There are 2 protein chains.
Amino acid sequence: MSTLYSRIQRDLALSIAAGEYAPGSRIPSETSLAKRFGVTRMTVRHAVDGLISEGLVTRRHGSGTYVSQRRQAQRALNRLSGFTEDMRGQGRTASASELSRSEVEAPGPVQDQLELQPGAHVVVLERLREVDGRPVALQRVWLPFSRVPELARRSLDGASLYDTLEQEYGIRVTTARQRITAVGATDREAAILAVAEGAPLIFAERLTRDSNNRPVELAETWSVPELALWVDLRR
Amino acid sequence: MSTLYSRIQRDLALSIAAGEYAPGSRIPSETSLAKRFGVTRMTVRHAVDGLISEGLVTRRHGSGTYVSQRRQAQRALNRLSGFTEDMRGQGRTASASELSRSEVEAPGPVQDQLELQPGAHVVVLERLREVDGRPVALQRVWLPFSRVPELARRSLDGASLYDTLEQEYGIRVTTARQRITAVGATDREAAILAVAEGAPLIFAERLTRDSNNRPVELAETWSVPELALWVDLRR
DNA sequence: GAGTGGTCTAGACCACACG
DNA sequence: GTGTGGTCTAGACCACTCT
């Protein structure tokens with residue numbers, strides 16, 4: 001983790017967040033950054049590549065590398081990342097509180113998507129996500145009980161789910177397929193997220209897989225519209 | 001365009017498409033590919049980086065680089081493509097009818113996003129998208145008038161906007177940033193899309209750029225929830 | 001012309017997976 | 001241990017932008 005390029009990437013990201021490099025302005029050239037950090041230009045390029053995939057800067061051939069315009073709190077879709085990680089990258093404070101935690105027999109659709117045997121059990125977590133103190137998303141996560149039995153009992157307490165999966169179970173999530181649509185808030189969702197009943201919400205359903213391509217997690221997320229998603233596309 | 005890495009990337013992509021490297025199997029190591037193509041490993045890595053962002057392969061540290069499963073679907077989903085093209089890829093019949101077409105002074109936010117001078121004019125197109133005969137999306141597109149003056153007068157008549165831009169104006173769209181959220185239908189949107197007023201809609205705002213990174217098109221799309229979006233993610 | 005990013009070389013050592 | 005990808009060096013030349 002503590003590679004040179006990732007530290008340079010973080011340093012630059014912090015400078016941008018601190019306003020040292022303003023939106024629309026040019027960051028120092030790759031050559032000068034290489035000199036400043038005492039590395040080669042290739043290493044600086046690797047770091048800047050990371051900033052680009054974060055959406056923080058864009059390159060212009062022959063001209064320079066420019067800080068992107070300020071965005072609202074948004075979730076990047078290009079990378080599979082945890083919620084907390086995402087918000088931190090945008091200079092925001094994210095927290096999570098656990099609403100419920102249980103172990104149940106997998107409902108049909110969940111069983112299908114997680115590729116479980118009939119009757120298999122799942123751990124169900126419900127978490128409320130907050131950004132800068134305001135509730136922004138309600139999340140329901142289904143995990144195969146056989147792979148993470150302890151999670152049925154122990155609270156995550158705001159810890160990153162992906163970190164926990166990796167550190168305690170050796171499960172590394174690598175890919176996901178996400179479906180995104182719009183729904184009207186039910187009375188329960190409205191109450192939890194402090195919006196009107198029927199108000200539009202972003203609904204995302206994500207099936208995450210590990211490095212062996214086995215399903216790890218089915219996550220359903222209801223987000224307020226302010227927490228827009230964004231994605232960069234190439235032709 | 002004919003850089004070494006892009007040719008190697010294309011060669012490998014063709015080999016995968018031809019089934020020479022089957023899904024789930026390992027492609028040759030970077031060292032051996034470097035030898036085969038007569039380049040350094042860094043150049044091969046650049047090519048493989050491209051295959052990864054296309055979703056064609058995944059790397060596993062210490063193990064190898066493997067051809068992804070479900071590759072056709074991934075390609076279609078993570079690529080910048082037109083609406084008609086998108087629907088065709090899902091086996092559906094898409095059509096478009098033009099609701100309005102005009103030339104106006106760019107409103108402030110549009111001017112900002114398209115990076116226009118104050119007072120610059122834009123062409124505004126409104127189209128209704130239909131799939132299998134049902135209205136599914138209302139689209140409003142803003143284009144800099146100075147770049148596509150004739151579009152203010154001539155109907156597209158269902159022709160692909162991207163094809164028209166490329167063939168008649170030599171503008172090749174290459175990248176886009178898309179923001180996705182949920183909104184409630186206004187009375188006009190409700191009437192056009194045949195949903196209730198206030199019903200949840202998917203709202204996507206897309207800024208498309210050409211190969212010089214200059215803004216080409218700002219597109220706003222209101223879609224019915226049935227027209228969900230799919231995205232594949234990698235960590 | 002000067003400065004910027006885009007590509008590429010020819011090596012090196014490290015971290016990880018697997019038999 | 002061997003082979004794989006991950007990182008990094010110290011240069012070089014080219015393509016593009018801006019003035």
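Letters A, B, ... are given to chains in the order of the sequence lines, protein chains preceding strands, and every chain is numbered from 1. Since this is a predicted model, take the numbers as computed values, not measurements.
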When the distance from [atom1] of [X] to [atom2] of [N] is rounded to whole Å, what number comes out?
X     : N      : atom1 : atom2 : answer
B:M42 : D:dG5  : CE    : C1'   : 13 Å
A:H46 : D:dG5  : NE2   : P     : 16 Å
B:E30 : D:dG5  : CD    : C1'   : 5 Å
B:L51 : D:dG5  : CG    : C1'   : 15 Å
B:K35 : C:dA10 : NZ    : P     : 14 Å
B:F37 : C:dA10 : CZ    : P     : 17 Å
B:Y5  : D:dC14 : OH    : P     : 18 Å
A:L33 : C:dT4  : CG    : P     : 10 Å

Item to check | Ring-face cation contact, A:Y66 with A:R60, 6.0 Å cut, 45° max | outcome: yes
Next on the checklist: If you assign A:S29 and B:V39 each to the DNA chain C nucleotide with the nearest heavy atom, which residue ends up on the more 5' nucleotide?
Outcome noted: A:S29
Next on the checklist: Need to verify one output field. Residue with the more 5' nearest nucleotide on DNA chain C, A:R59 or A:G62?
Outcome noted: A:G62
Checklist entry - Has the side chain of A:H61 got a donor or acceptor that lies under 3.5 Å from a partner of the other kind on the base of D:dA15? => result yes
Checklist entry - Checking all strands, does B:R45 fall into the base, sugar-phosphate, or nothing category for heavy-atom contacts under 4.0 angstrom? => result base
Checklist entry - B:V48 near the nucleic acid: base, sugar-phosphate alone, or nothing, with a heavy-atom cut-off under 4.0 Å? => result nothing
Within the pair [X] and [N], is there a side-chain N or O less than 4.0 Å away from OP1 or OP2?
X     : N      : answer
A:S63 : C:dG3  : no
A:T31 : C:dG3  : no
A:R41 : D:dG11 : no
B:T65 : D:dT4  : no

Checklist entry - Would you say the side-chain atoms of B:S15 pair up with the backbone N or O of B:E20, donor to acceptor, closer than 3.5 Å? => result no
Checklist entry - Any sub-3.5 Å donor-acceptor pair from B:S68's side-chain atoms to B:L56's backbone N or O? => result yes
Item to check | Upstream residue (5' side of DNA chain D) when A:Y66 and A:T43 are each assigned their closest nucleotide | outcome: A:T43
Item to check | Stepwise side-chain hydrogen bond (donor to acceptor under 3.5 Å, both in side chains) check, A:E220 with A:W142 | outcome: CA-CA 9 Å; A:E220 302 168 297; A:W142 310 79; 3.1 Å; yes
Checklist entry - With a 4.0 Å cut-off, would you call B:R209 and B:E115 a salt bridge? => result yes
